[in-house]
Amino acid sequence: MSEQIDRFLSSLENWKESFEVKNFDTTGDDELSQIIAMQRNKDVDGLLKIWERKLEQDYFELPHPIFSDVITRAVYSVQHGMANFVFMVDSGNKFPWVFGQCQGFIDYILTNEYHFKASLSIESPVVDKIKNLHKLKSKYLRFENRRFGFLLGQARPYHFFLRPFEIFLFFKRIK
């Protein structure tokens, strides 16, 4: 068991009392900072190039939001309402973090130290569901070699055909 993962999960129950929310600093030269800067600058071509590179890899990896020299891997994903949450952890299970998605690639970031607003999207669909994350079992959040994929479901069917379906067709074309 990982004490750090358990501690991280329990901190999410009353997260509003425990965390300072900041805007994510995109001045770094790591991949996570670049992704968030591209999102904010609406650099669609840059984001598509990132996805092309990611699709060539077996695992979805990003640097930790605070410790950019620590590489983390996506190990679990869960959807609550319109928000999807992707759990990331390093190979030693010491630096867990989560990013929330609703309208962007990465809309919100949760770490042991801070919560970051990462996109220009409205944050309420993600923020309102953070309280559900503490109930997850840490055994699902430990580092493993898990290939990644995409969730294309939507809370409302119209939105599936408006957004994810066209994205699915794009990914199918570039793979």
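In this chain, numbering begins with 1 at the start of the sequence shown. When reading the values below, keep in mind they use all heavy atoms of this one structure, side chains included, and skip hydrogens, waters and symmetry mates.
The backbone N or O of E3 lies less than 3.5 Å from no partner atom in the side chain of K94, so there is not a single donor-acceptor pair. Panel note: side chain Q39, backbone I106; a donor-acceptor pair is recorded below 3.5 Å. Here the side chain of D90 pairs a donor or acceptor atom with the backbone of G92 at under 3.5 angstrom.
Note that the CG atom of N132 and the CD atom of E13 stand 11.0 Å from one another [nearest 0.5 Å]. Atom CZ in R53 sits 5.5 Å away from atom CD in E31 (nearest 0.5 Å). Interatomic distance, E113 CD to H64 NE2, rounded to the nearest 0.5 Å: 6.0 Å. With values rounded to the nearest 0.5 angstrom, K137 atom NZ is found 11.0 Å from D6 atom CG. Distance check: F116 CZ to D107 CG gives 15.5 Å after rounding to the nearest 0.5 Å. Distance check, rounded to the nearest 0.5 Å: CG of L141 to NZ of K139 gives 11.0 Å.
Contact record, V78 with L136: CG1-CD1, 4.1 Å, taken as the closest heavy-atom pair. Of all heavy-atom pairs between F24 and A118, the closest is CB-CA, 4.4 Å. Between M88 and L62 the shortest heavy-atom distance is CE-N, 3.7 Å. G104 and S121 make their closest contact through N-OG, 4.1 Å (heavy atoms, listed as atom of the first residue, atom of the second, distance). Here the closest non-hydrogen pair linking L133 and L9 is O-CD2, 3.5 Å. Between N93 and F143, the closest heavy-atom pair is OD1-N, 2.7 Å.
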Determine, step by step, whether F67 and T111 satisfy the side-chain contact (heavy atoms from CB on, under 4.5 Å) criterion, reporting the C-alpha distance in whole Å, the side-chain angles of both residues, the deciding distance to 0.1 Å, and the verdict.
CA-CA 11 Å; F67 310 105; T111 71; over 6 Å; no
Verify side-chain contact (heavy atoms from CB on, under 4.5 Å) between W97 and I66, making sure each step is shown before the conclusion.
CA-CA 10 Å; W97 66 284; I66 296 174; over 6 Å; no
Test side-chain contact (heavy atoms from CB on, under 4.5 Å) on F8 and L110; report intermediate values, then the result.
CA-CA 9 Å; F8 177 60; L110 306 107; 4.2 Å; yes
Checking N84 against S77 for the side-chain contact (heavy atoms from CB on, under 4.5 Å) test, could you report, in this order, the C-alpha distance in whole Å, the side-chain angles of both residues, the deciding distance, and whether it holds?
CA-CA 7 Å; N84 185 57; S77 175; 3.0 Å; yes
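Cluster annotation: I122 is not connected to M82 through the hydrophobic network of ILVMFWY side chains, with a link wherever side-chain heavy atoms come within less than 4.5 Å. One hydrophobic cluster, built from ILVMFWY side chains closer than 4.5 Å, cannot hold both I71 and F95; they sit in different ones. Linking ILVMFWY side-chain heavy atoms closer than 4.5 Å, directly or via other members, places V86 and Y114 in a single hydrophobic cluster. L120 and I109 are members of different hydrophobic clusters when ILVMFWY side chains are connected at heavy-atom separations under 4.5 Å. With hydrophobic clusters built from ILVMFWY side chains whose heavy atoms lie under 4.5 angstrom apart, Y140 shares a cluster with F85.
A perpendicular orientation is assigned to the rings of F99 and F105, their planes being inclined by more than 60° (bins at 30° and 60°).
The environment of D29 atom CG is sparse: at most 12 non-hydrogen atoms of other residues, nucleotides or ligands sit within 6.0 angstrom.
Looking at P65 and L32, their side chains come closer than 4.5 Å, going by heavy atoms from C-beta outward. M38 is not listed as a side-chain neighbour of L48, based on a closest heavy-atom distance of 4.5 Å or more. When side chains are defined from C-beta on, D128 does not count as touching V126, because their heavy atoms never get closer than 4.5 Å.
Judged by distance alone, the side chains of S11 and N112 never bring a donor and an acceptor atom under 3.5 Å apart.
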